[in-house]
Structures are given as C-alpha cells and as structure tokens.
Number of protein chains: 2
Amino acid sequence: MARGSTRPTSRDVAQAAGVSQAAVSLVLGDKWRGRVSETTAERVREAARTLGYRPNLAARNLRLGRTRTVLLVVPALTTEFFAGVYTGAARVAAEHGFGVVLYPSPEGIGPARDPFASAQAALDGVIASSMAADALTAIRGDQLPLVMLDSDPEGSLGAATVNLDIADGIRQVAEHLLSLGHRHFVHLAADVASWTFEVRARELAARLGPVLGTTLRTVRAPISIEGAVTAAEAALTGPGPRPTALVCDDDQLAAGAYKAARRAGLHVPHDLSVTGLDDLALATAIDPELTTVHLDAELFGERGMRALLAVLDGRAPEAGDIPVNLVLRGSTAPPPR
Amino acid sequence: MARGSTRPTSRDVAQAAGVSQAAVSLVLGDKWRGRVSETTAERVREAARTLGYRPNLAARNLRLGRTRTVLLVVPALTTEFFAGVYTGAARVAAEHGFGVVLYPSPEGIGPARDPFASAQAALDGVIASSMAADALTAIRGDQLPLVMLDSDPEGSLGAATVNLDIADGIRQVAEHLLSLGHRHFVHLAADVASWTFEVRARELAARLGPVLGTTLRTVRAPISIEGAVTAAEAALTGPGPRPTALVCDDDQLAAGAYKAARRAGLHVPHDLSVTGLDDLALATAIDPELTTVHLDAELFGERGMRALLAVLDGRAPEAGDIPVNLVLRGSTAPPPR
DNA sequence: CCACTGACGTTTTACGTATAACTACTCCCG
DNA sequence: CGGGAGTAGTTATACGTAAAACGTCAGTGG
C-alpha cells in the first residue's frame, strides 16, 4: 500500500474528526453501539469519507491474525472448467466476506517455487485441486486448513475433500455406448498422474469388463489438441479389432480425436463414436456437437468454499459427491455393421 | 495466518537459536554480511528450518509499507488468452520477487463490489485489462500505480498503457481477403464497449472503404458461441449482396460463424471465408482450421508487468505496440464466382 | 448523600517484522 | 598504551489497526 505521499490512516481521520484513533476504529468497525454517540459517529464517517480513508489491510491482518482471504490452487488457467470453479468459490466467499486468490501452477515458473511467493497475500486456508499436485507438499508444510478438490479420500491425510462423481459419469457413458451396441472401445486417457483420472480408467474397465465380447484398450495423451491427435491416430490403427467408440478423458482430447478421425477418413459418429468429459464451450463448437459428461464447475467451487468455511468454523463439511450427467449430442451413434 | 496453536515467529526462532530477534531478521533477510558470524547465521537458519518458520507476511507488509504483490484484473478467466497474459506477467514478476494476484471481473458477484474486497492482499500496483472496465473507477479511486492493457492511449488519464497492434492485424486480414478477391464483407463485432474493439471496426472500415465496389456491414454479437451463431445467421441473410467473407472479432465468434454457415448449407471456405482473432486452441480444433490473427498473450503479460515495474521505479515504460501476425489456415479461399 | 449505573470516550497495548542506533569486545598500528 | 576500525551482536522503535482496560461525568434509587 505504499504511496509516495502516504495514504491517510485512522489517526488522520481521528484528528480530522476531533476524536481518538480508537473511536475511529470503533465507528468504522461498526462496534460503537452504546460506546459512541450517533453525532460523533457521523462526524467520524464524514471525515473518513472526505479524506478517502481506506484501512491498511496489512495492519488489519496483522492485528486480527486472520485475513479473510483464501487461496484457490488450480492446475492452470487454460480451462474454462477452473474458471467456473473460481466463480462458484468466489461467490460463496463474497457472501461470507472472504476473498479468493488464485494460484495457478504455472508452466515456465516452475512448481518448485514457493506457491506463496506467488500469492503473497496472507491466507486463512487453501482449496487445492488435486491436479496441481506439485504444489501440495509446500501447502501441507504450511499447516493451513485445506480442502482438496477431486482427491483420493484416503490419500489426503485428513484434509476435507469435495469430489465430483466422475465414476458415475463414466458409468453413464459406458452404459450409453453399450446400449448403442458398441463392443470395441479405446480409452483416450489423459497422461496425468492424478487420482481423478485413475477413477476414469478403473470405472470404465469395471463397466465394460463383465460384458462378453468387449475389448478395451487404453492410449495415453497429454491434455492438448495436438497431443490428442497423434494419440488418437495411434488408437485407431492399433492391434486387434478396429474400435468403434472412443471414450476421452476430457473434451479437448475429444476434439483431437475428431481431427484424427477426419485424417483417417472416418466419419463421426457413423464410423466412430466419440465421448468427452467436462462439457466446455468447445463441446458445442465442434461438428458434430460432442456427447459429453457435464460437470457443474461452479457448484464444485461453491462446495469447495463451503467446505473450507466449515473447516475454519470447526464444523464438519457437507458430505456426498456432486452428481454429474451425460449430455447426449451428435457424436455417438450405433456402430457400423 | 491464524492457526489454533500459533505459528512460530521470528522471536521463537531467536530463542531456539539463542540470539535476539533482530539477528534472526538479519540472517533470514540476507543482510548479515559483516554483522553476524557465519556460525551463528547457520545456527539461526537451522533453528528456522526445524521450527518450520515462515515470516508473517502481514507483519512484513506493514513494516515495509510495500507488498511486492500486484493485481492483474482480467475480464474473465474463461479465455486461454488471459491465461497467457497471466503466465507472462507472473514470470516477469517472479524474476523481480513479485507476486501476482488475479481479479477476474466476475459474473454473478457483481462489478459494483469493491475489487479489493475480492483480493484483499495489499497491493503495490495494478495491471488492468481495459475490457474489465467496470472495475476501473474503483481502481482509480485508490491512486495505485496503474498500467492499462489495450486501452485508449488518450483516455486513461496518465496511466501507462501497453497495446497489441490490433490495427495492424486487421490490416493484414483485410489485405489478405482483398487479395483473394473478396468484395462483400460482414464484420462480426463483439458487443462490448471497449476501445480495443472500436479499433477493429475503424481499421476494417479504413482498409475496405477505399477499394471500389466493396460493401461492409457490421453485426454485433456477445462473445460466446451461442450468441455468435444467431448473429452470424442474421449476417448471412441480411440485406444487400450476400457476403463472401466474415471478419470476426475473435476466435469464439468465428466458431459460432462456422455453425451458422453449416446450418445455412454454406461450406467454409468455398462458399464463405471466415477469419478470427486471438489464435486460441479452438482455432485448430474446428474444421477447417481457422485463419486468424495470432496474439502473443504471454508477451503481452510480460510487457504489462515490465511497464508496471518501470512505473514503480519511476522509469518510463518501454514504448511501442506489440506486433501481431496473421496465420493462414484453411478457412479462407477465393470467393465463389 | 453516596454508591451505582450507563453513556461516551480515551489511553494503552499487542500483533510480527525490519532496521536504525547503540554497545562491547578484540585487534592492530603508531 | 590509546584510539580507530572492524566484528558480532543487542536494544529500541515504528508501521496501522483493533480492542481490552481504564476514566469521567451526569443522573438515580435507597
């Protein structure tokens, strides 16, 4: 807050109003009922207004020992998805007088860097996406109240978790494709070490395994359009029976699969069904529109923030996964015969 | 920073190391050459390590009167573009020991809210996208050093500005389309009151106007796929000669234009050429790949941060717009004859 | 008439850090 | 052997706020 000609302090306001600094603090902090007269209070407010007084947050934070600021750690800003998470978290936070600061695990800055060097605001707590695993050790070292988003319930050492019911989403995808008659699947898997992506693979295998005559192959791809294209090309030309359905770990991978299919001369959905997961704007921008699992990112953020507020209050956070639902669009059809 | 059992302070470290608090501050602040012996310094560092000491940032900020934290205000998080801006700014900031905090003008929270309530970190300065106009009045009221991204050089009352050379990008688009033989244009304009979007309209008119026989119509659309679709449909069925080229203010609008064209039974690029602006991942996800103006978002963020650092140092920020370049892909072709 | 209460404030203190100002001790040179 | 120059620290203070503890005065009931 350093300015050349320093900003007015509560003491300046006090002097202007002809009262003590304590009185200013009481009035502006709304703690003056029965302690300061209405006329004096109004004089203080008036002085604060004309001086353009704004409290020094560093001093307030130091005094109160709390900041009403929370850090939201996300894997990157590149996805709409985490934009939604932020929006939901910030809305709930605002309702409770809290602010939210973002720490995107940055490429090019290096995860080894102290996350709090990049978000120097003092913090009351942390909400962390499990996908931003790099930063987690540093966070744990800080002993701050922590809520994990989409993290292994057992692995996070007592931290509260909020999860999307991804497994149920994959179940819906599998049942949809099976009911269309598909038997030969490829799972285009995100090449990321994260519990939430393991869930996808496990659930898919669990659903397809018991159905006689099905085959399932997994191909890994980095989460980007280009990476998905080459991985999907490999998937379509691999060994065994030609797959008729491609289950993608997210919508970006699905967009890459479209391109690979075009290059291979395959028509989506008549030659190849494709499904995504996220339901980003991208899903309806591509042709045909993508059948995908809709995730309510804002609700995810809201629930995360509520859970953190609960932890800060010593209450138990709300239990139960967030439901998701499959949105049927134009990228799935019965397999070619 | 409030924890139940309070965190260790520099005084705790001092006690553990058997020195005074001042010595701890000197050692950990790297100001001890010739003031503290190497052995004592090491003892202090060791004590800090075992206690898990981390300085209280609120106290440090209060003491120093500065925070080494900067606020980046962006219109929303939904675009890759501002993710790039953030990445660039954060990289430069980290090189100078600064942190960056984001304030996304949120939907659903309301722009009337004090931006600093949502980013309660104390700040040394602000970098603001001109697209986040709502927040600007509040920012100006705070008298913080300010750098504007893509703002009217005259309109921003003395604040430093960093601009992309959007006008030159539009010039490249116009010349490309004119050289292909197009004469009937529609400008799919973002329905946003912002100087940078006015530049697009002005430059396009300036380039196409002098060429005999050209027509140019402007259609406004909100920046979203759905909004763009209806606007583009209106554009294709409007009065006058049927347009053969659609110049879009950004890539998302272009994606919407693709959908409108498909619905109208028009083939891109043979029946209709489409151009975008941004060069997001979306540009290569859609079919055909989009001819668009590439903006170097990271460089934009870097230059913004450097400009702010310059202002903070009392130096003049680097002058000159950031160059942009047209990327030719598959969405433009000569007009049908 | 005196203790008590309520109204309206003020004085003082603490939060944790960084650093200016000071002290004490040793060494060394003239 | 006196003093100037390091060396190795310590003591004291300020940053701006919130709030606990402390006054002061007028009115009131017993």
Side-chain angles (χ1 to χ4, degrees), chain A residues 1-44 47-48 51-68 97 120-124, chain B residues 1-3 5-45 47-48 51-68 97 120-124:
Chain A
M1 287 295 172
R3 293 314 3 283
S5 48
T6 48
R7 296 181 16 156
T9 72
S10 61
R11 217 173 310 266
D12 297 330
V13 175
Q15 189 166 5
V19 296
S20 70
Q21 179 267 331
V24 173
S25 186
L26 286 172
V27 170
L28 299 179
D30 232 30
K31 301 235 156 73
W32 56 280
R33 311 145 232 267
R35 320 260 288 112
V36 178
S37 70
E38 172 58 52
T39 53
T40 309
E42 184 49 35
R43 211 167 65 244
V44 168
L51 287 181
Y53 169 74
R54 300 175 126 276
N56 179 317
L57 293 175
R60 166 178 291 174
N61 290 343
L62 174 59
R63 175 63 234 243
L64 294 179
R66 99 188 112 77
T67 61
R68 302 207 153 250
Q120 307 211 354
L123 302 170
D124 280 354
Chain B
M1 288 294 171
R3 289 319 359 284
S5 48
T6 47
R7 298 184 9 159
T9 73
S10 61
R11 219 174 307 267
D12 297 330
V13 175
Q15 190 167 3
V19 296
S20 69
Q21 179 267 331
V24 172
S25 187
L26 288 172
V27 169
L28 299 179
D30 234 29
K31 300 236 157 74
W32 56 281
R33 310 144 234 269
R35 320 257 290 110
V36 178
S37 71
E38 171 57 54
T39 53
T40 308
E42 184 48 35
R43 211 167 65 243
V44 168
R45 281 190 290 259
L51 287 180
Y53 169 73
R54 299 175 128 279
N56 179 317
L57 293 174
R60 166 179 290 172
N61 291 343
L62 174 59
R63 173 64 232 241
L64 294 178
R66 99 189 111 76
T67 61
R68 301 207 152 252
Q120 307 209 355
L123 302 170
D124 281 353

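Numbered from 1 within each chain, the chains take letters A, B, ... in sequence-line order. All values derive from a computational prediction rather than experimental measurement.
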What are the atom names and distances for every N/O pair under 3.5 Å that joins the protein to nucleotides 10-14 of chain D?
residue: D/dT10; atom: OP1; partner: B/Ser20; partner atom: N; Å: 3.4
residue: D/dT10; atom: OP2; partner: B/Ser20; partner atom: N; Å: 2.9
residue: D/dT10; atom: OP2; partner: B/Ser20; partner atom: OG; Å: 2.5

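With rounding to whole Å, A/Gln15 atom CD is found 13 Å from C/dT10 atom P. The distance from atom CZ of B/Arg60 to atom P of D/dT17 is 21 Å, rounded to the nearest whole Å. A/Leu28 places its CG atom 13 Å from the C1' atom of D/dG16, with the value rounded to the nearest Å. Summarising the geometry, the separation between CG on B/Asn56 and P on D/dT17 is reported as 17 Å, rounded to the nearest angstrom. In this entry the distance linking CH2 of B/Trp32 with P of C/dT17 reads 20 Å, nearest Å.
Shortest non-hydrogen contact noted between B/Val36 and B/Ala41 is CG1-N, 4.0 Å. For the residue pair A/Thr9 and A/Tyr53, the shortest heavy atom distance occurs at C-CE1, 3.4 Å. Counting all heavy atoms, side chain and backbone alike, A/Val13 lies closest to A/Val44 at CG1-O, 3.9 Å.
Note on B/Ser37: a side-chain N or O is less than 4.0 Å away from OP1 or OP2 of D/dG9. At D/dG16, none of the side-chain N or O atoms of A/Ser10 fall inside 4.0 Å of OP1 or OP2 (strictly under the cut-off). Applying the 4.0 Å criterion to OP1 and OP2 of C/dC15, one finds that B/Thr9 has every side-chain N and O outside that range. OP1 or OP2 of C/dT19 lies within a sub-4.0 Å distance of a side-chain N or O belonging to B/Lys31. Between D/dT17 and A/Ser25, no contact under 4.0 Å exists linking OP1 or OP2 to a side-chain N or O.
Within the helix from C/dC1-D/dG30 to C/dG30-D/dC1, the inter-axis angle between the opening and closing five-pair segments is 70°, rounded to 10°.
With C/dT17, D/dC15, D/dT17 as the choices, the nucleotide that has an atom nearest any side-chain atom of A/Arg11 turns out to be D/dT17.
Summarising the geometry, atom CG belonging to B/Leu26 is positioned 11.5 Å from atom OG1 belonging to B/Thr40; distances are rounded to the nearest 0.5 Å.
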Distance-only donor-acceptor pairs under 3.5 Å for side chains of residues 14-25 of chain B, two or more places apart:
residue: B/Ser20; atom: OG; partner: B/Ala23; partner atom: N; Å: 3.3
residue: B/Gln21; atom: NE2; partner: B/Ser10; partner atom: OG; Å: 3.4

